[in-house]
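Numbers restart at 1 for each chain; the letters A, B, ... are given by sequence-line order, proteins then strands.
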Amino acid sequence: MDIIHIIQQGVQQALSELYQHQAKADEVLVNVTKKEFEGEYTVVIFPYVKAIRKGPAEIGNAVGEWLVKYLEEITGYNCIQGFLNLSLSDAYWLRQTDYLQAYPDYWKQPATGKKIMIEYSSPNTNKPLHLGHIRNILLGWSCACLYDSMGYAVTRTQIINDRGIAICKSMLAWKKFAQGQTPEDAGMKSDHFVGHWYVRFEQAFREEYESWQATPEGLSRYTAEKEDGESEADFFKRYKNTYFNNESQLGAEAREMLKKWEADDQEIRSLWEKMNNWVYAGFDVTYKALGVSFDTLYYESDTYLLGKDLIEKGLKENVFYRKADGSVWVNLEDEGMDEKILLRSDGTSVYMTQDLGTADLRYQETGADQMIYVVGDEQNYHFQALFAILKKLGAPYAEGLHHLSYGMIDLPGGRMKSREGTVVDADDLIADVINEARLGIAERGEVEGLSDAEKEEITRKIGLAALKFFMIKIDPKKRMTFDPKASVDLQGQTGPYIQNAYVRILSILRKGGTMDNADATGYKVNGDEKKLLIELTSFAQVVAHAARQLDPSQVANYCYQLAKEFHRYYHEHRILNAETDAARAFRLEFIQLIARVLEDAMGLLGIEMPERM
RNA sequence: GGCUUCGUAGCUUAACUGGAUAGAGCACCUGACUACGGAUCAGGAGGUUGCAGGUUCGAAUCCUGCCGAAGUCACCA
């Protein structure tokens, strides 16, 4: 049983015996003692003052005395303004160190038999991955790791949006202008190659649209349909989509292509497969560089027709209703939302329809009754509605659905806009951070004597640590500003700072050799070591909390905290030349433990530790 | 306009979900290696937690009203 529970139960018992007050053990508030005060853990006494009708100081002192008397772990107390600070015994600290050392999985939960599916990344196939995907992927990946360690069977998945008008645009431009060129011919990463033709389409379309604007037809459209006082520029900006759908030659061709795709036209299908495969090959490289993977994949081309059986079911059960024009709707007003369309009047499905179907399919296939969707906060409403509808349908997994909603990323100059070319490409960014790490390594010369391959591996780990930590240390639900300069920082509150603590420990251990047989019996753990031990012990709670909240940033902050404590400790206390043999023996074991937890914790964030740097 | 989320030092942010004197990093100053790795450490300066009320032993956190930012309110995905 961990020390927090011991204290909680002790307090419960003390209150019961001293005051006949029944408190719930798990509601006893136990905090880590602030550094200004003596003690290690603090019990907040205020909640009992009213019921017991005695002053906080009186209760605190009485409980403190009781705890010291009956709990062998607790050797001292002081009570200040309703905060009961407790000091733990030397024996406790040694025993706790042994425990953490002996059970490397102390922060994990045993297998629960529960299944959870986590969906992240989920890109479109007409463009390469960008900064937004990186945030998404890192969040999804580390939540998967968190649930893994919480004893869940985790399935990592993504839905690939591989069909629709967007990929048709890339296909059309390639067909018209590329003259059969392949990514190899062009010397381009293959997903960038496909993205290039998407941009090329948009460019051709813009040219077509602009020249149309000058024609008599275009001008008359403006005079006929403009709103009061609307300028020509504003009108044509607004009209762009309508033009694409109704008048554009290129638009017509792209839509024609989509129709043929839906009709299973051989030529279009094989072009579609060729271009998508280029994209997948490119994505794989990026995923690999980021160190992430998936257990299963869903393709929108397979799932976009799903969900109609659920619509039938809903209609039969009067959860949904049909309007006069034949469209199907659900009323979510009792959930504080509007009515939502589920099937168009022509019987075709909408986004919601296929999401309903996909959710059901996944449950049928895997039996996972928990599901996390990692999707940007612009879709909050959609997921709220999706979950509400599934609940209405009585889906057995409805209670296990979560939307890990994260904020969009801004650049120092404002939003990322593809039209203005300010989208930060994932591959470029990865290359940048690794280059920055390379410069750092060259300056330091700590890795002399290693092979080029080893140096490169270290460089990669450092660069990626900088990038990943920078992105994941921020609360997911907050909108974040991405400063490219700050993201490659290697000093301060960064990934490499934490790696440095780890590398330092390994370096000491190398010099310390394998333990000379001295043992730590009788060693008196000092205050800095106690703080670190408290930190190490709390890892389990941090992980559980982060998983429950779907918030890996809590683990990131934990890593930083632990590394910082260690760096400080390192400067305060000698390890190899410790005061006594017992101290040396204790500390060598102790720092090894810290290194292990640092590595485990960073591993939850998908960040690897180098052995030298 | 309705709903949702957010507002903390110049900048980026934390605060164990209502607990003690709001912690860090960057940038700016001052110090610390002939001692285990200076990608480090110690110190300084920097705060009316958007504003105004309320709830209570106690509020950055909860409630109300303003102010500001973002998202969403499609037979788009």
Worksheet item: In whole angstrom, what separates A:Tyr304's OH from B:rC75's P?
Response: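 Result: 20 Å.
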
Worksheet item: For the side chain of A:Asp338 and the base of B:rA74, is some donor closer than 3.5 Å to an acceptor across the two?
Response: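 Result: no qualifying N/O pair found.
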
Could one point to a donor on the side chain of A:Thr494 or the base of B:rA39 with an acceptor on the other under 3.5 Å away? no

From the set [options], return the single nucleotide nearest to any side-chain atom of [X].
{"X": "A:Leu490", "options": "B:rA39, B:rA20, B:rU40", "value": "B:rA39"}
{"X": "A:Asn31", "options": "B:rU72, B:rC16, B:rA39", "value": "B:rC16"}
{"X": "A:His571", "options": "B:rA20, B:rU40, B:rA77", "value": "B:rU40"}
{"X": "A:Ile508", "options": "B:rA20, B:rA77, B:rC36", "value": "B:rC36"}
{"X": "A:Gln491", "options": "B:rA77, B:rA39, B:rC75", "value": "B:rA39"}
{"X": "A:Thr42", "options": "B:rA20, B:rU17, B:rA24", "value": "B:rA20"}
{"X": "A:Lys34", "options": "B:rU40, B:rA20, B:rC75", "value": "B:rA20"}
{"X": "A:Asn500", "options": "B:rA39, B:rG25, B:rA35", "value": "B:rA39"}
{"X": "A:Arg568", "options": "B:rC75, B:rA24, B:rC41", "value": "B:rC41"}

Check: Is the ring of A:Tyr497 stacked on the base of B:rA39, with centres less than 5.5 Å apart and planes under 30° off?
Finding: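 Aromatic stack with B:rA39 absent for A:Tyr497.
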
With B for base contact, S for sugar-phosphate-only contact and - for none (protein heavy atoms under 4.0 Å), nucleotides 54-62 of chain B reads ---B-----

Protein heavy-atom contacts under 4.0 Å, written 5' to 3' over nucleotides 6-15 of chain B as B (base), S (sugar-phosphate only) or - (none), form the string SS-----SS-

Dot-bracket for RNA chain B, 5' to 3', Watson-Crick and G-U pairs with both distances under 3.5 Å, [ ] for crossing pairs, | for partner on another strand, reads (((((((..((((.....[...)))).(((((.......))))).....(((((..]....))))))))))))....

